[in-house]
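Below is one structure, written out as structure tokens; comments come after it.
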There are 2 protein chains.
Amino acid sequence: MSRPRSFDETDVLEAAIDCFWARGLEATSVRDLAGRMGINGPSLYNAFGDKRSLFMRALEHYAVRSMRERIGRMERLPDPKAAIAAFFGELISASLADPDRRGCLIVNTALEVAPHDPEIAILIAAYLDEIEAFFRRALVRAAAGGDLAPSVEPTDMARLLLGLVIAVRVMARTVSDRSRLDGMVRPILALIQARPDIRTPA
Amino acid sequence: MSRPRSFDETDVLEAAIDCFWARGLEATSVRDLAGRMGINGPSLYNAFGDKRSLFMRALEHYAVRSMRERIGRMERLPDPKAAIAAFFGELISASLADPDRRGCLIVNTALEVAPHDPEIAILIAAYLDEIEAFFRRALVRAAAGGDLAPSVEPTDMARLLLGLVIAVRVMARTVSDRSRLDGMVRPILALIQARPDIRTPA
DNA sequence: TTCGTTTTGTATCGGACGATACAAAAGTCC
DNA sequence: GGACTTTTGTATCGTCCGATACAAAACGAA
């Protein structure tokens with residue numbers, strides 16, 4: 001019974017992600033959203049409730065198809081240290097390749113929305129925890145294989161790596177300079193790559 | 001000749017900083033600004049032109065009284081490595097002590113405004129360069145004093161430290177967890193503090 | 001005092017915002 | 001073919017936005 005929907009929910013959520021990703025929550029108008037999604041205002045409200053609810057749906061969709069996808073792909077690599085390096089390689093290349101400098105929707109939201117919206121802040125904190133947990137698993141795995149310098153403490157290093165993800169994403173929103181981003185992560189990747197049985201070069 | 005202004009420009013700029021710092025450029029209305037600044041809308045426009053011009057004035061004022069003030073104070077410390085550590089100590093404490101989670105106006109602006117406003121992006125890039133340059137000077141000074149491990153390359157490490165500043169400021173907008181922020185900077189500060197004549201503990 | 005200049009206060013301007021009322025349309029079920 | 005339900009399209013709703021027009025007010029200059 002009832003009239004069927006004229007749009008695919010995943011498709012219009014992707015379009016909503018495009019809007020929110022580039023402009024943020026407040027600066028994106030419902031008319032912008034409806035136009036990009038190819039539907040009318042009332043259809044948007046009927047399907048998603050209000051702008052904030054649509055934003056949360058889009059954020060969740062982004063986290064699955066972007067963040068978790070990359071984490072899952074990296075976690076399948078045999079070498080955990082190479083997985084961390086590849087993670088940042090992809091992150092920097094993707095950030096530099098985007099002419100709109102959109103950065104990361106999660107990081108953007110952490111800064112724009114989280115301080116004023118406790119419910120969304122909880123979502124963001126959980127997503128950031130997932131990234132940190134990925135790094136920690138990789139580091140613990142490397143340490144278990146005897147591949148990590150003992151001075152590298154997995155918990156703190158995972159926090160630092162999460163911080164680097166945030167820093168790369170924020171920097172890439174202002175400047176497009178590969179040497180700057182590469183240089184930022186280089187000392188840390190070198191610290192991780194160092195084998196425990198090889199002395200730090202004098 | 002002419003009627004004198006009823007307000008002090010520095011005072012109202014401080015009030016404008018409070019607004020923009022907490023809510024950003026777009027989310028702060030001219031009525032919010034005028035209310036906090038204690039003046040009327042037309043006075044605001046008469047004195048500052050428009051909202052964006054006021055924002056740039058407030059940003060410049062913030063950079064001087066907040067960023068450069070801290071850099072100048074840290075640079076006067078005799079030990080450059082201690083200056084770097086103290087810089088982050090202050091940064092983290094200030095971030096955690098703010099109940100409004102305002103973070104840093106420069107970092108907030110880098111994420112909110114810079115991608116869509118090339119002129120402001122140039123200002124932000126210059127401010128970030130100042131922070132990076134401060135770290136680089138401190139590292140070069142430490143190296144010249146024989147106090148820095150040779151594996152620490154000042155240029156890249158300065159970029160990394162700038163990244164850490166950004167990361168601390170963004171993280172503190174979402175979570176209030178000192179152990180998280182301390183843990184994030186701990187591996188780097190340990191790397192910098194390590195004396196070149198002392199072997200990394202096995 | 002009168003003139004000239006700038007600032008201040010009141011009252012808006014047109015437009016964009018988020019969100020809806022309402023009826024026509026497009027389906028399923030009997 | 002009707003009855004029922006949900007979606008769609010049109011036309012708004014009241015509110016807030018950035019920005020001003022205009023005149024009264026407050027000063028220095030003459």
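What you see is a predicted model, and the numbers here were worked out from it, not measured in a lab. By convention in this document, chain letters (A, B, ...) are assigned in the order of the sequence lines, proteins followed by strands, and residues within each chain are numbered from 1.
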How long is the line joining [atom1] of [X] and [atom2] of [N], in whole Å?
X: B/Arg31; N: D/dT15; atom1: CZ; atom2: C1'; answer: 10 Å
X: B/Arg52; N: D/dA19; atom1: CZ; atom2: C1'; answer: 16 Å
X: B/Leu54; N: D/dG18; atom1: CG; atom2: C1'; answer: 13 Å
X: A/Phe7; N: C/dG27; atom1: CZ; atom2: C1'; answer: 15 Å
X: B/Leu33; N: D/dG18; atom1: CG; atom2: P; answer: 8 Å
X: B/Arg23; N: D/dC17; atom1: CZ; atom2: P; answer: 11 Å
X: A/Glu26; N: D/dC16; atom1: CD; atom2: C1'; answer: 13 Å
X: B/Ile39; N: D/dA19; atom1: CD1; atom2: P; answer: 14 Å

Output yes when at least one side-chain N/O atom of [X] is less than 4.0 Å from OP1 or OP2 of [N], else no.
X: B/Ser43; N: C/dT8; result: yes
X: B/Ser2; N: D/dC27; result: no
X: B/Arg5; N: C/dT7; result: yes
X: B/Ser6; N: C/dT8; result: yes

Looking at [options], which one has an atom nearest to any side-chain atom of [X]?
X: B/Lys51; options: C/dT8, D/dT12, D/dA19; answer: D/dA19
X: B/Tyr45; options: D/dA19, D/dT12, D/dA26; answer: D/dA19
X: B/Ser29; options: C/dG27, C/dA19, D/dG18; answer: D/dG18

Between [X] and [Y], does any side-chain N to carboxylate O distance fall below 4.0 Å?
X: B/Arg52; Y: B/Glu119; answer: yes
X: A/Arg180; Y: B/Asp129; answer: yes
X: A/Glu14; Y: A/Arg65; answer: yes

Could you check A/Asn46 against A/Pro42 and say which one's nearest nucleotide on DNA chain D is further toward the 5' end? A/Asn46
Here's a test of your reading of the structure: between B/Leu25 and B/Pro4, which maps to the more 5' nucleotide of DNA chain D? B/Leu25
Looking at the base of C/dT6, is there any donor atom on it, or on the side chain of B/Arg3, that sits under 3.5 Å from an acceptor on the other one? no
Mind checking whether A/Phe135 and A/Phe87 have parallel, tilted or perpendicular rings, split at 30° and 60°? perpendicular
Result for 5'-nearest mapping on DNA chain C, choosing between A/Asp32 and A/Gly41, is A/Asp32
So does A/Arg68 get a backbone contact from the side chain of A/Glu130, meaning a donor-acceptor N/O pair under 3.5 Å? no
